[in-house]
Amino acid sequence: MDERFGRYLNVVDVEATCWERKAPGQVNEIIEIGLCVVDLEERRRVAKHRVLVRPERSAVGAFCTELTGLTQEEVDGGISFAEACALLEREHLSRFRAWASWGDYDRKQFERQCAGGVRYPFGRRHTNAKAAYSAAHGLPRRLGMAGALRHAGLPLEGRHHCGADDAWNIGALVLDVVGRGAWPDGTGVTAGAGGTGEAGSG
């Protein structure tokens with residue numbers, strides 16, 4: 001893959017342990033990292049990846065399984081969070097490439113978990129794709145991912161709240177913004193809140 005600076009964008013979507021009512025003694029932990037690589041020069045999505053992550057301080061319950069489709073047995077077969085961060089750097093050049101997520105939840109969740117002593121796997125060039133899409137279309141409020149797909153007339157491919165499928169769909173919305181000439185240049189962190197719930201993209 002031609003790694004000219006700025007050509008490829010990593011679109012990231014995480015799913016995390018979540019509960020209908022907060023479970024005592026448990027914290028939200030990433031259990032899946034979905035990643036879509038977008039070629040900004042050719043304006044197409046070129047790769048889709050999924051990393052399962054084994055939680056250490058929480059469990060996957062029925063509510064989380066219903067939302068994400070992930071079970072405790074599946075995530076038990078995943079890699080540790082530290083290993084997942086190292087994999088992002090090694091295999092997906094996450095510190096070199098700019099990256100984007102739908103809202104700021106994903107970025108903040110990585111920051112929270114890395115505060116426990118894990119090397120943060122990304123560089124500073126993050127774009128809040130939810131904010132960018134809303135600005136590009138002049139929307140009065142920011143839409144969840146599924147709502148933005150409907151607004152753009154794009155299909156929701158795969159399963160909502162599957163990190164890999166959500167990253168792929170967000171990649172399509174990024175390309176919508178790119179096609180309008182409105183994608184930020186990625187030289188800094190894009191401002192704007194955008195958390196959409198404990199399990200990832202809205």
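For clarity, every value in this text was computed on a predicted model and none was experimentally measured.
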Hey, what do you get for CG (Leu9) to CZ (Arg97), rounding to the nearest 0.5 Å? 9.0 Å
Once rounded to the nearest 0.5 Å, what's the spacing between atom CG of Asp104 and atom OG1 of Thr127? 10.0 Å
According to ring pair (Phe, Tyr, Trp, His ring centres under 6.0 Å), does anything in residues 59-78 pair up with another residue at least two apart or in another chain? List the pairs. none
What salt bridge (Lys or Arg N to Asp or Glu O under 4.0 Å) pairs are there with at least one residue in residues 26-42, not counting sequence neighbours? Arg4-Glu41, Arg7-Asp39, Arg7-Glu41, Arg7-Glu42, Glu32-Arg50, Glu42-Arg44
4.5 Å side-chain heavy-atom contact, Leu88 and Leu35: yes
Which pairs pass salt bridge (Lys or Arg N to Asp or Glu O under 4.0 Å) with one or both residues in residues 52-73, sequence neighbours excluded? none
Please list, chain by chain and in numerical order, all residues satisfying side-chain hydrogen bond (donor to acceptor under 3.5 Å, both in side chains) with Thr65, sequence neighbours excluded. none
Closer than 4.0 angstrom, basic N to acidic O: yes or no for Glu157 and Arg45? yes
Excluding Val60, membership of its hydrophobic cluster (Ile, Leu, Val, Met, Phe, Trp, Tyr; side-chain heavy atoms within less than 4.5 Å) reads Ile31, Leu52, Leu70, Val75
Mind running side-chain contact (heavy atoms from CB on, under 4.5 Å) on Asn10 and Phe122 for me, showing each step along the way? CA-CA 10 Å; Asn10 283 341; Phe122 301 106; 5.7 Å; no
Would you kindly confirm whether Leu93 and Val11 end up in one hydrophobic cluster when ILVMFWY residues are joined by side chain heavy atoms under 4.5 Å apart? no
Reported CG-to-CG distance for the pair Leu149 and Leu173, which is rounded to 0.5 angstrom: 4.5 Å
Nearest heavy-atom contact between Gly163 and Asp13 is CA-OD2, 3.5 Å
Asp165 and Gly158 have their tightest heavy-atom pair at OD2-CA, 3.4 Å
Closest contact, heavy atoms only, Pro184 versus Ala132: CD-CB, 4.1 Å
May I ask whether Val27 and Ile30 are part of the same hydrophobic cluster, defined by side-chain heavy atoms of I, L, V, M, F, W, Y residues being less than 4.5 angstrom apart, directly or through others? no
Minimum heavy-atom distance between Val177 and Ala136, given as atom pair plus value: CG1-CB, 4.0 Å
His160 and Asn169: side-chain contact (heavy atoms from CB on, under 4.5 Å), yes or no, with the steps? CA-CA 9 Å; His160 194 9; Asn169 286 308; over 6 Å; no
Shortest non-hydrogen separation from Tyr133 to Ala148 and the atoms involved: OH-O, 3.4 Å
As an exercise, state the distance from NE2 of His151 to CG of Leu139, rounded to the nearest 0.5 Å. 4.5 Å
4.5 Å side-chain heavy-atom contact, Phe110 and Ile33: yes
Give the ring-plane orientation class for Phe5 versus Phe96, where under 30° counts as parallel, over 60° as perpendicular and anything between as tilted. perpendicular
Run the side-chain contact (heavy atoms from CB on, under 4.5 Å) test on Gln113 and Val118 for me, step by step, so that the C-alpha distance in whole Å, both residues' side-chain angles and the decisive distance to 0.1 Å come before the verdict. CA-CA 7 Å; Gln113 286 193 231; Val118 175; over 6 Å; no
Using the rule side-chain hydrogen bond (donor to acceptor under 3.5 Å, both in side chains), only one of His126, Gln109, Lys108 pairs with Ser101; which is it? His126
Heavy-atom closest contact (Pro121 atom, Cys114 atom, distance): CD-SG, 3.9 Å
Does a side-chain heavy-atom distance below 4.5 Å link Ser94 with Cys85? no
Can you tell me how far apart CG (Leu156) and CH2 (Trp168) are? Round to the nearest 0.5 Å. 13.5 Å
Relative to the ring of Trp99, is the ring of Tyr120 parallel (under 30°), tilted (30 to 60°) or perpendicular (over 60°)? perpendicular
Is any side-chain heavy atom of Val12 closer than 4.5 Å to a side-chain heavy atom of Arg107? no
Under the rule for side chain to side chain contact (heavy atoms under 4.5 Å, CB included), what residues qualify as partners of Gln26, not counting sequence neighbours? Trp19, Ala23, Ser58, Ala59
Are Lys130 and Leu143 packed together at the side-chain level, in the sense that at least one heavy-atom pair is separated by less than 4.5 angstrom? no
Under the criterion side-chain contact (heavy atoms from CB on, under 4.5 Å), I'd like the reasoning laid out for Arg142 against Asn128: C-alpha separation, chi angles, the key distance, then a yes or no. CA-CA 11 Å; Arg142 294 176 184 175; Asn128 178 334; 4.1 Å; yes
Are Arg112 and Asn28 side-chain neighbours, meaning at least one heavy-atom pair lies under 4.5 Å? no
Could you check if a side-chain atom of Trp102 sits within less than 4.5 angstrom of a side-chain atom of Asp166, using non-hydrogen atoms only? no
Are Glu89 and Arg119 side-chain neighbours, meaning at least one heavy-atom pair lies under 4.5 Å? yes
